[in-house]
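These notes are about the structure you will find just below.
One is the number of the first residue; the rest follow in order along the sequence.
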Amino acid sequence: MSLLLAAPALAQSVPAATTEDDEALLRPAAANEILVIAARFGGELDVPQAPVASFDEADIQALGASSVAELLNAIAPQTGSGRGRSDGFPVVLVNGQRIASFRELRNYPPEAIRKVEVLPEEAALRLGFAADARVVNLILKDDYASRRLEQDYGVPTRGGFAEWETEATLLRIKGPNRLSLTATVEDRSPLFESERGVIQAAGNVPSVAGDPDPAEFRSLVADSRGLGLNASWTQGLGKGGLDGSLSLSAAVSRNDSLSYSGLNLVRLVAPDGASAIRALHGALT
């Protein structure tokens, strides 16, 4: 049972209670005193341990990374832990929250990140992780969208084969909600032993003129191609996404490879004992 009592208003004014921060603002600053008021970024971790390293947008841009994966490699000296038997890979958080898989954000462009904090192992223990890894907190921008197309092409100086890869990425960030789609296509042409002058083993070379050369049908580099699609969706829960998040991710890939293993060889023996090695048409694959 609750009882609510209404008290009459007093004519005398009563000063409102003030906090320590309010008192600091109301107190006049001395001649040699500088008062600094700074706002915290949303998504920063509220832990007693101070970050061992912090990178703002200018620092991230100076690293020259093109993805979050490359960014973590660039700051590996700060994120690696020398404690225990950890492999050195840090715990990765986004806006102070756990993620379902690093695959969710490995292709995020660094331009989507507002700040990166690296916290010591004590912070990992406080957050429920093992005490042999550091914590990397990626604070994303509140409103960000990007479309990126990246293409790589490579060919050796001696020629013979070529490889190329195309990657398209779509990213949308709206507060605690995120959507990422990445599609990749890659292809590599074959390289044969005849293109590098590989000496054939004894007994593997036809002795009849006009027969095909097995070196032209034995590959050093396979003919391969691959397709991939990676999608992730994250929905923040509660006000401002501070009560956790719901994440869904899916990946589909297909890879094909074709290698050549030479030709079928046969040895023909005449009644007089003469013999010849013949190569049959049709490569072994």
Side-chain angles (χ1 to χ4, degrees), residues 64-74 76 80 85-89 100-108 148-170 180-232 249-285:
S66 61
S67 66
V68 171
E70 291 185 8
L71 175 61
L72 292 181
N73 288 333
R85 298 182 178 180
S86 171
D87 57 2
F89 195 79
S101 171
F102 183 69
R103 180 187 301 170
E104 174 187 346
L105 55 93
R106 62 181 302 173
N107 290 321
Y108 278 23
R148 185 178 66 168
L149 181 64
E150 181 178 351
Q151 188 164 21
D152 298 327
Y153 180 83
V155 59
T157 55
R158 295 181 60 186
F161 76 100
E163 55 185 350
W164 60 268
E165 178 180 1
T166 300
E167 180 178 276
T169 302
L170 169 67
S180 174
L181 298 173
T182 301
T184 57
V185 180
E186 55 185 12
D187 184 87
R188 174 184 290 177
S189 60
L191 176 68
F192 294 95
E193 291 185 352
S194 60
E195 297 176 283
R196 289 294 183 265
V198 177
I199 299 175
Q200 301 299 302
N204 287 343
V205 179
S207 58
V208 177
D211 279 5
D213 182 4
E216 296 180 355
F217 299 89
R218 188 175 291 111
S219 58
L220 296 170
V221 176
D223 184 11
S224 61
R225 62 195 55 84
L227 301 172
L229 178 63
N230 186 13
S232 65
S249 62
V252 180
S253 63
R254 175 186 174 93
N255 294 280
D256 298 288
S257 178
L258 178 61
S259 297
Y260 297 84
S261 303
L263 300 169
N264 272 318
L265 299 177
V266 295
R267 179 181 292 274
L268 304 179
V269 181
D272 60 358
S275 64
I277 298 177
R278 302 296 307 271
L280 304 181
H281 289 275
L284 301 174
T285 59

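For Arg254, the side chain to side chain contact (heavy atoms under 4.5 Å, CB included) partners two or more places apart in sequence, or in a different chain, are Asp256. With sequence neighbours excluded, no residue forms a side chain to side chain contact (heavy atoms under 4.5 Å, CB included) with Ala209. Taking Ala231 as the reference, Leu181 meet the side chain to side chain contact (heavy atoms under 4.5 Å, CB included) condition, with sequence neighbours excluded.
Atom CG of Asn230 and atom OG of Ser253 lie 10.0 Å apart (nearest 0.5 Å). The distance from atom CG of Leu227 to atom CG of Asp187, rounded to the nearest 0.5 Å, is 9.5 Å. A distance of 9.0 Å separates CD of Glu195 from CD of Glu216, quoted to the nearest 0.5 Å. Within the model, atoms CG of Asp223 and CG of Leu191 stand 11.5 Å from one another, a figure rounded to the nearest 0.5 Å.
Proximity of Thr184 to Glu186: side-chain heavy atoms (C-beta onward) are nowhere separated by under 4.5 Å. Using a 4.5 Å heavy-atom threshold, the side chains of Pro214 and Pro206 count as touching. Side-chain atoms of Leu71 and Tyr108, non-hydrogen and from C-beta on, never get closer than 4.5 Å to each other.
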Hey, can you pull the donor-acceptor pairs under 3.5 Å for the side chains in residues 148-161, sequence neighbours left out?
from: Arg148; atom 1: NH1; to: Ser66; atom 2: O; distance (Å): 2.6
from: Gln151; atom 1: NE2; to: Thr166; atom 2: OG1; distance (Å): 3.3

Run the side-chain donor-acceptor check on residues 260-267: report pairs under 3.5 Å with partners two or more places apart or on a different chain.
from: Arg267; atom 1: NH1; to: Ser275; atom 2: OG; distance (Å): 3.4

Can you list, pair by pair, the side-chain donor-acceptor contacts under 3.5 Å of residues 278-285, counting residues two or more places apart and other chains?
from: Arg278; atom 1: NE; to: Asp211; atom 2: OD1; distance (Å): 3.4
from: Arg278; atom 1: NE; to: Asp211; atom 2: OD2; distance (Å): 2.7
from: Arg278; atom 1: NH2; to: Asp211; atom 2: OD1; distance (Å): 3.0

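Formation of a donor-acceptor pair under 3.5 Å by the Ser219 side chain with backbone atoms of Ser259 is not found in this model.
For Ala276 against Val208, the heavy-atom pair with the smallest separation is CB-CG2, 4.1 Å.
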